[in-house]
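Just below is one structure, and these are the notes that go with it.
A note on names: the letters A, B, ... follow the listed sequences, proteins ahead of strands, and every chain is numbered from 1.
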Amino acid sequence: MANKLTFEQRLHNALGSQQCEQIKSTHSYLHGMMYSAEEWDGIWNRSKDATWAHSFGRMVGFDQIWYDSVCQVDPGAYRQWLAAMEKDPNVARKDPRSMGKNACHALSSGVVEVAEDGKSCRSTYLTPGPFVMGGENAFVSGGRILNERYGSDFVYNNGRWEYFHEQVCPDGFMDYNNGNWAHERYEQCKKGRYTQPGYHNPPPVTDPGPLHVDYDTVQLVQKTLPWPEPYETLNDENSFSPGRNDPNKF
Amino acid sequence: MMNQRYTNEELVTRLWDKEIVKDLMARRCYYKQNDWRQRELDELWVRKPENQADMSLSNNRGYFVGPDDIKAYYVDGIAEKRQSQLELVKKTNPAAEYGNSVMNAHTYHTIMVELSGDGLWARYLAYDHGHQTDPQEDGTAKGYWTSGHILADLIKEDGVWKILHIKQNHDLTIPAAPVPGAGGGGFGGPPPEAEGEGAPGGPPEGGEGPGGPGGPPPMPDMGPDPYEDEYGTPTVALPYVVKWAWNDLPKQMPNTYEPHESYDPTISYGPAGHPDQLRSWR
């Protein structure tokens, strides 16, 4: 397919692939710093077809994503910062968000495909699991293992690449060195306590989940996020959010 | 669609330069794992005297500046440690050789590369996750998971990319064994009681959105980092303070869309670019 493209088109797509990798990494660090506003303001498409999905469901449209991911999240960071300041006044000169919960979503094993028409890019990534975050007791960093997979769509819009769709699929959140998480799940299964889909208190979403379920010992392999294959254009067959593929729908 | 500033040939060069930078930093992981530290300095770092005067390698305590100070810390200091480790291992294994029972593996990933407008300077950011193993006196070994992020400046010397600055911000060392008395479900304590409204005001695991099934459990205080003793005495004592987590990172991230035009030491990952919190209101 790519052989049909001109040199300039292939160059555009190669640059696009590299830039979308960069955007994906940018998301990881901004998210880790809890710079939610900067993330969605800086790298995301703002249309009604922008979507963000997790196991609990899919947020649809930039406004809903912004409300759930910025308006609902920022207050927690500031409350944590205020609590930390009670313990140490030096906190007053520190950044309320980035000194807080640093969710380090490491990215690896990227599969990245740019559409033949050069107007979109799709990727899947795995995270190998190392996960760092500050504790809410403040001043203490901790690490756990978070296993997830990510499906992302990007669009080339008004001369730049933008994040368009994201689907996060958590498979498990466990300790580095405490117990045997798989065996614990087995023991729970023996008691009839299987992993339940959904979240205890999910944010508002347009498409309710569950879209993915955490690991269980009796669970079949979940093929929630097929990796992208070479494709011609963003459409319902090549999208992590079928039916919502117009980056200029406002 | 194409960029108006650069020719196609220049765009290809810029595309490829970023891949070379990624490749060069990846090579460093292997050099470090092999303990080829002097070889790393010789082959991957800047060689011109005027650039070497500015080269720096930092840890959480500060910056080692110039080839002599970097060598004393990064090459000779570690060689000394390895020798003492060998003597330890020989107590239970007299046939042990230099490097036995030691593992030092770091991986760089989630990479960002900002290539300056003039194409002569690259700013690099990656997570650094790895594991280290230290031999013990009784013949056993102690293992750790390590976590941090790494920032680097690379410049072109006669058309070849070389490392100018590396800033190793070490966030966490996690013993690969339960931590006695470290309760609370972080690591070493009992499993988290994960049914609830989550951490007060915090997002669920990973910080994605509000609510969530309990959010992250409290993390236990791990105490002093076991590798702090290796930090040595830097040339310029400007620390990365783990206590403040990623407080400095917003000022240091490479740019995603608009690169800086040319090298600027005040935003570099050398000591002149240290993100002093007080600078903003001085």
Taking the side chain as C-beta and beyond, is there a heavy-atom pair between Val12(B) and Phe7(A) under 4.5 Å? yes
OG1 of Thr26(A) to CD of Glu114(B), rounded to nearest 0.5 Å, is 10.5 Å
Can Lys22(B) and Glu21(A) be counted as an ion pair, charged N to O under 4.0 angstrom? yes
Distance in Å, Leu15(B) CG paired with Gln18(A) CD, rounded so as to fall on 0.5 Å steps: 4.5 Å
Can you tell if the side chain of Asp95(A) reaches within under 4.5 Å of the side chain of Trp246(B), non-hydrogen atoms only? no
Just wondering, do Cys104(A) and His129(B) contact through their side chains at under 4.5 Å, heavy atoms? yes
Do Ser28(A) and Thr110(B) have side-chain atoms, one donor and one acceptor, less than 3.5 Å apart? no
As an exercise, state the distance from NE2 of His109(B) to OG1 of Thr127(A), rounded to the nearest 0.5 Å. 7.5 Å
In the structure I gave you, are the side-chain heavy atoms of Tyr127(B) and Leu107(A) within less than 4.5 Å of one another anywhere? no
Is it the case that atom CD in Glu261(B) sees more than 12 heavy atoms from other parts of the structure closer than 6.0 Å? yes
Does the side chain of Leu30(A) reach to within under 4.5 Å of the side chain of Met253(B), using non-hydrogen atoms? yes
Considering only heavy atoms, which portion of Ile43(A) lies under 4.5 Å from any heavy atom of chain B: side chain, backbone, both, or neither? both
Could you tell me which portion of Gln19(A) (side chain, backbone, both or neither) has an atom closer than 4.5 angstrom to a non-hydrogen atom of chain B? side chain
State the NZ-CG distance between Lys94(A) and Asn247(B), to the nearest 0.5 angstrom. 5.5 Å
Heavy-atom donor-acceptor pair, Tyr29(A) side chain to Pro250(B) backbone, under 3.5 Å: no
Which heavy-atom pair separates Gln22(A) from Asn255(B) by the least distance, and what is that distance? NE2-O, 3.4 Å
More than 12 non-hydrogen atoms from neighbouring residues, nucleotides or ligands closer than 6.0 Å to OH on Tyr257(B), yes or no? yes
Could you tell me the separation between the OG1 atom of Thr256(B) and the CD atom of Glu39(A), rounded to the nearest 0.5 Å? 10.5 Å
Can you tell me if Tyr67(A) has over 12 outside heavy atoms packed within less than 6.0 Å of its OH? no
Sort Ile111(B) into side chain, backbone, both or neither according to what part of it lies under 4.5 angstrom from a heavy atom of chain A. backbone
Does atom CZ of Arg27(B) have more than 12 heavy-atom neighbours, drawn from other residues, nucleotides or ligands, at distances under 6.0 Å? no
